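Following: one structure in C-alpha cells, then a few remarks.
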Amino acid sequence: MFRSVLHLLWMVVTVIPWTLAVLLVSLWPPRTRAWWTAVSWFRVVIWGTRKILGVQINVLGLSNLPVGKTSAPVLLSNHQSTLETLLLPTLMPHPLAFVFKRELLKVPFFGWSMARLDMIHINRESRTEAMKHIMAQGCRLLAQGTWVIMFPQGTRLPRGEKGTYQTAGTRLAVQAGAPIVPIAVATARCWPKEVFTKQPGVVTVSIGAPIESAGRDPKALMREVEVWIEAELRRIDPEAYPAV
C-alpha cells in the first residue's frame with residue numbers, strides 16, 4: 001500500500017509541470033514537439049513504476065516495429081491496465097495517436113495535455129459518429145506518418161478475460177492501406193484494473209510481426225489479430241489461463 005501511495009504522489013507531483021510544458025510548447029508548430037514532451041512525462045512515470053513499485057518490464061519483439069517503412073501502422077493491443085497507456089508511447093519511435101473516449105479530456109492536467117495533442121477522441125454514445133470520426137481522423141494521421149493505436153476490446157479487462165474484439169481498427173487499416181502491428185500486454189498481474197494497490201513483479205509486452213491489410217476483409221483480419229494476441233497472452237502469462 002505504501003508503495004502505491006508514493007507512486008500516486010509521484011504521478012500527481014510530476015504531471016503538473018509537465019502539463020504546463022505541453023501546453024506551452026503546443027502553441028508553436030510542429031505539434032510533434034508537444035507529443036515528445038508528453039512522452040518525457042510517461043518516461044518519468046515508468047521510472048517511478050520500476051523504482052517505487054518494483055515493477056520490472058520485459059519487452060519482446062521491438063524489432064517487429066516497422067521503423068523506416070513508408071506506411072504508418074495501426075497498432076492493435078489488448079487492454080488490461082493503465083500501465084500500457086503510459087508504457088507503449090515510451091517504446092515507440094514515432095508519435096502515436098490514441099483513440100479514446102472524449103470524457104478523458106475533462107481529467108485535470110492529464111486530460112488538458114491530451115487535448116493539446118493530435119489524438120482521436122470520440123463520442124462513444126454514438127457508434128456511427130464515432131466510426132466516421134475514427135475513419136476520417138485515422139486516415140489523416142496515418143497519411144502524415146503518425147502511428148494510430150487502438151484497443152479493440154474497448155476497455156480494460158481483468159487478467160485472463162478475453163472480451164470482444166471490435167473491428168474499427170482493422171476497418172481503418174484496410175481503408176488507409178496501413179499494416180497492423182498486434183501487441184499483447186500482460187500488465188494486470190502487477191497493475192490490475194480498478195485496484196489501487198499495485199504489486200511488484202514482472203510484466204511483459206510482446207510486439208508481433210506486421211500484418212498487411214491490403215485487400216483483406218476487416219472481420220477476418222481482426223480474427224487473425226485476435227488469435228495472435230490471445231495465443232501470445234497464454235504464452236507470456238500462462239498463470240492467468242489455467243489448463244482445463
Side-chain angles (χ1 to χ4, degrees), residues 14-15 18-19 21-22 25-26 28-50 55-100 110 113-114 116-121 134 137-152 169-170 172-187 191 202-214 225 228-229 232 236:
T14 55
V15 74
W18 254 277
T19 294
V22 169
V25 301
S26 68
W28 294 277
R31 298 188 73 173
T32 53
R33 186 182 293 116
W35 166 256
W36 293 118
T37 302
V39 170
S40 67
W41 179 69
F42 297 154
R43 296 185 191 280
V44 167
V45 175
I46 296 303
W47 181 90
T49 301
R50 296 177 188 271
V55 175
Q56 302 308 307
I57 299 165
N58 180 34
V59 181
L60 308 173
L62 273 175
S63 61
N64 286 324
L65 292 174
V67 179
K69 303 296 184 182
T70 55
S71 296
V74 175
L75 311 179
L76 297 180
S77 172
N78 69 299
H79 199 11
Q80 291 188 350
S81 168
T82 303
L83 179 56
E84 56 262 19
T85 63
L86 300 167
L87 173 62
L88 291 175
T90 70
L91 303 177
M92 301 300 159
H94 286 265
L96 300 181
F98 280 88
V99 177
F100 62 93
F110 180 80
S113 296
M114 295 286 282
R116 299 301 300 171
L117 303 176
D118 204 359
M119 301 281 189
I120 305 173
H121 34 89
I134 290 170
Q137 295 302 313
C139 288
R140 176 184 65 82
L141 288 160
L142 290 166
Q144 70 184 31
T146 300
W147 296 10
V148 174
I149 181 168
M150 299 178 68
F151 299 114
T170 51
L172 171 61
V174 170
Q175 182 168 321
I180 289 173
V181 175
I183 301 175
V185 297
T187 51
W191 191 321
V202 179
V203 301
T204 300
V205 174
S206 181
I207 302 169
I211 303 171
E212 292 301 322
S213 66
V225 171
W228 185 89
I229 291 177
E232 190 67 2
I236 63 179

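What you see is a predicted model; the values in this text were computed from it and never measured.
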Task: Spacing of CG belonging to L62 relative to OG belonging to S206, to within rounding of 0.5 Å - done: 10.0 Å
Task: Worked verdict on L88 versus L75 for side-chain contact (heavy atoms from CB on, under 4.5 Å) - done: CA-CA 10 Å; L88 291 175; L75 311 179; over 6 Å; no
- [ ] Might you point out which heavy atoms bring L141 and A97 nearest each other, and give the distance in Å?
- [x] CD1-CB, 3.6 Å
- [ ] May I ask you to check whether W18 and S40 show a side-chain donor-acceptor distance below 3.5 Å?
- [x] yes
TODO: Can you measure from CG (L86) to OG1 (T82) and round to the nearest 0.5 angstrom?
DONE: 7.0 Å
Open item on the list: What I'd like to find out is whether the side chain of L76 reaches to under 4.5 Å of the side chain of P182, using heavy atoms alone.
Closed with: no
Task: Working for side-chain contact (heavy atoms from CB on, under 4.5 Å), residues D118 and R140 - done: CA-CA 11 Å; D118 204 359; R140 176 184 65 82; 2.9 Å; yes
- [ ] Return the set of residues passing ring-ring contact (aromatic ring centres under 6.0 Å, His included) with F100 (not counting sequence neighbours), or none when no residue passes.
- [x] H121
Task: Check: E84 side chain, S81 main-chain N or O, donor-acceptor pair, under 3.5 Å - done: yes
TODO: Identify the residue among L91, I207, I183 that makes a side chain to side chain contact (heavy atoms under 4.5 Å, CB included) with L65.
DONE: I207
TODO: Please name the pair of heavy atoms, one in M119 and one in M114, separated by the smallest distance, quoted to 0.1 Å.
DONE: CG-O, 4.2 Å
Task: Exercise: identify the closest heavy-atom pair between T32 and P95 - done: CG2-CG, 3.8 Å
Task: Inter-residue atom distance M92.CE - F42.CZ, 0.5 Å rounding - done: 12.5 Å
Task: Pairwise distance NE2(H79) to OG1(T187) - rounded to 0.5 angstrom - done: 8.5 Å
Open item on the list: Do W191 and T49 make a side-chain contact, defined as non-hydrogen atoms from C-beta onward lying under 4.5 Å apart?
Closed with: yes
Open item on the list: So which atom in L172 and which in C139 form the shortest heavy-atom distance, rounded to 0.1 Å?
Closed with: CD1-N, 3.7 Å
- [ ] Indicate yes or no: at least one non-hydrogen side-chain atom of I180 is less than 4.5 angstrom from one of M150.
- [x] no
Open item on the list: Please evaluate residues F151 and T85 with respect to the criterion side-chain contact (heavy atoms from CB on, under 4.5 Å), reporting the C-alpha separation (whole Å), side-chain torsions for both, the decisive distance (0.1 Å), and the verdict.
Closed with: CA-CA 10 Å; F151 299 114; T85 63; 3.9 Å; yes
TODO: Could you check whether the rings of W147 and H94 sit parallel, tilted or perpendicular, using 30° and 60° as the cut-offs?
DONE: parallel
Task: Residue pair P210 / P179: nearest heavy atoms and the distance that separates them - done: CB-CB, 4.5 Å
- [ ] Please assess V181 against N64 for the test side-chain contact (heavy atoms from CB on, under 4.5 Å), listing each intermediate value before the final yes or no.
- [x] CA-CA 8 Å; V181 175; N64 286 324; 5.6 Å; no
TODO: For L142 and P73, work out which heavy atoms get closest and say how close.
DONE: CD2-O, 3.5 Å
Task: Sub-4.5 Å side-chain heavy-atom contact between V45 and T90 - done: no
- [ ] Side-chain contact test, heavy atoms from C-beta onward, threshold under 4.5 Å: evaluate it for I46 versus I57 and give yes or no.
- [x] yes
